[in-house]
Amino acid sequence: MKPVVDYSLYLVTDSTPAVLGDRDLCHVVCEAIQGGVTLVQYRDKTSDTAVLIETAKKLHTVCKEGNVPLLINDRVDVALAVDCEGVHLGQDDMDAATARMLLGPNKIIGVTACSMEEAYRAACWAGADYLGIGTVFATPTKENTKSIIGISGLRDILVYLGASKNIACRQVPTVCIGGINAGTLQRVVYQSRGGSPKKLDGVAVVSAIIAAKDPKAAASDLKRLFTTDPPFA
Ligand code: TZP
Ligand code: MG
């Protein structure tokens, strides 16, 4: 069976020294889960396949102990090799419908969308389980972002999905990504909601947790900010 996913605090990993420093990724992820992370994506653009599989196996053990699903960025083959809960695919990766044929009905497939067209295609045609919408704000964590959509672009996509005649578009879970941290989270969540029946199911973060001195405290702070109304609501 496909796991029921809590998207509220989605941790996307980064193993580069600029973000992780000299710390151990599994240790940081373990602390983040203790702080309240609900879903983990292993994202590693530089390691070779053997290292990806070895690290994914270790992360999967940590995630299973914390009862949190693990997804793999880009690489359907790595997700199959470690039998984790699914993948996250960008617009330039394998298309979600093909990934579904390889992974079967019970794995989670997330797709990045930065426009209404991409969101429609992923949710309605390709059968994505969730959408990662962004990049919301420019971020050093991902330098070559296709487009920065801002809060207004995010809101436009949510309004479009919420008003769709297509039930998959109306119901697909959504998270946003790009520059989300303790200083921006509540503004993004609150302002993206304006007038839309569809609101974010969660936020995806990299550096706000991975680069934090205390990843557990950082995660717990972000979780609290996501689950409480901002003072300006
Ligand atoms: N996709 C769009 S922005 C981004 C990814 C993977 C990086 C987000 O990093 P941060 O540190 O949370 O801004
Ligand atoms: Mg990708």
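These figures come from a predicted structure and were not determined experimentally. Only this structure's heavy atoms are used, side chains among them; waters, hydrogens and symmetry mates stay out. Atoms within each ligand, like the ligands themselves, are counted from 1 in listed order.
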Kindly say whether [Y] contributes a backbone atom to a donor-acceptor pair with the side chain of [X] at under 3.5 angstrom?
X	Y	value
K198	L161	no
Q91	T112	yes
T55	L52	no

Does the residue V12 have a heavy-atom contact with ligand 1, meaning some pair of atoms that are separated by less than 4.0 Å?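 No; V12 lies far enough from ligand 1 that no heavy-atom distance drops under 4.0 Å.
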Quick one: does G179 get within less than 4.0 Å of ligand 1, heavy atoms only?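 For ligand 1, residue contact (heavy atoms, under 4.0 Å) with G179 is present.
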Report, in ascending order of atom number, the atoms of ligand 1 lying under 4.0 Å from any heavy atom of V205.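 Those atoms are 12 (O).
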Which of the atoms of ligand 1 are close to S207, meaning less than 4.0 Å from one of its heavy atoms?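 Those qualifying, in numeric order: 10 (P), 11 (O), 12 (O).
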Does the side chain to side chain contact (heavy atoms under 4.5 Å, CB included) test come out yes or no for C114 and T135, once each step is laid out? CA-CA 7 Å; C114 72; T135 303; over 6 Å; no
Only one of L25, L11, L71 clears side chain to side chain contact (heavy atoms under 4.5 Å, CB included) with Y42; which?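 Of the listed residues L25, L11, L71, the side chain to side chain contact (heavy atoms under 4.5 Å, CB included) partner of Y42 is L25.
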For atom 3 (S) of ligand 1, what's the nearest protein heavy-atom neighbour? Residue, atom name and distance, please.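 Atom 3 (S) of ligand 1 sits closest to the protein heavy atom T135 OG1, 3.5 Å.
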Give the residue and atom name of whichever protein heavy atom lies nearest to atom 1 (N) of ligand 1, and the separation in Å to one decimal.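 Residue, atom and distance for the closest contact: K142 CD, 3.4 Å.
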Is K216 salt-bridged to D214, going by a charged N under 4.0 Å from an acidic O?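 No.
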Which atom pairs, donor and acceptor, lie under 3.5 Å between side-chain atoms of residues 125-133 and protein residues at least two apart or in another chain?
from: D129; atom 1: OD1; to: K2; atom 2: NZ; distance (Å): 2.5
from: D129; atom 1: OD2; to: K2; atom 2: NZ; distance (Å): 3.4
from: D129; atom 1: OD2; to: R100; atom 2: NH2; distance (Å): 2.8
from: D129; atom 1: OD2; to: I109; atom 2: N; distance (Å): 2.7
from: Y130; atom 1: OH; to: Y10; atom 2: OH; distance (Å): 2.6
from: Y130; atom 1: OH; to: H88; atom 2: ND1; distance (Å): 2.6

Does the pair R193 and L200 meet the rule for a side chain to side chain contact (heavy atoms under 4.5 Å, CB included), with working shown? CA-CA 8 Å; R193 217 189 272 171; L200 290 166; over 6 Å; no
2.8 Å cut-off (strict), protein N, O or S atoms about the Mg ion (ligand 2):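 Protein heteroatoms (N, O, S) closer than 2.8 Å to the Mg ion (ligand 2) number 2.
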Looking just at side-chain N and O atoms, do N166 and S164 make a donor-acceptor pair shorter than 3.5 Å?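 Distance-only check fails for N166 and S164.
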Are any of the N or O atoms of V206 closer than 3.5 Å to those of ligand 1?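 Yes - when backbone and side-chain N and O of V206 are compared with those of ligand 1, one distance drops under 3.5 Å.
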Heteroatom proximity flag, T141 to ligand 1, N/O under 3.5 Å: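 Yes; the residue has a nitrogen or oxygen that sits under 3.5 Å from a nitrogen or oxygen of the ligand.
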Might you point out which heavy atoms bring I151 and S192 nearest each other, and give the distance in Å?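 It is CG2-N, 3.9 Å.
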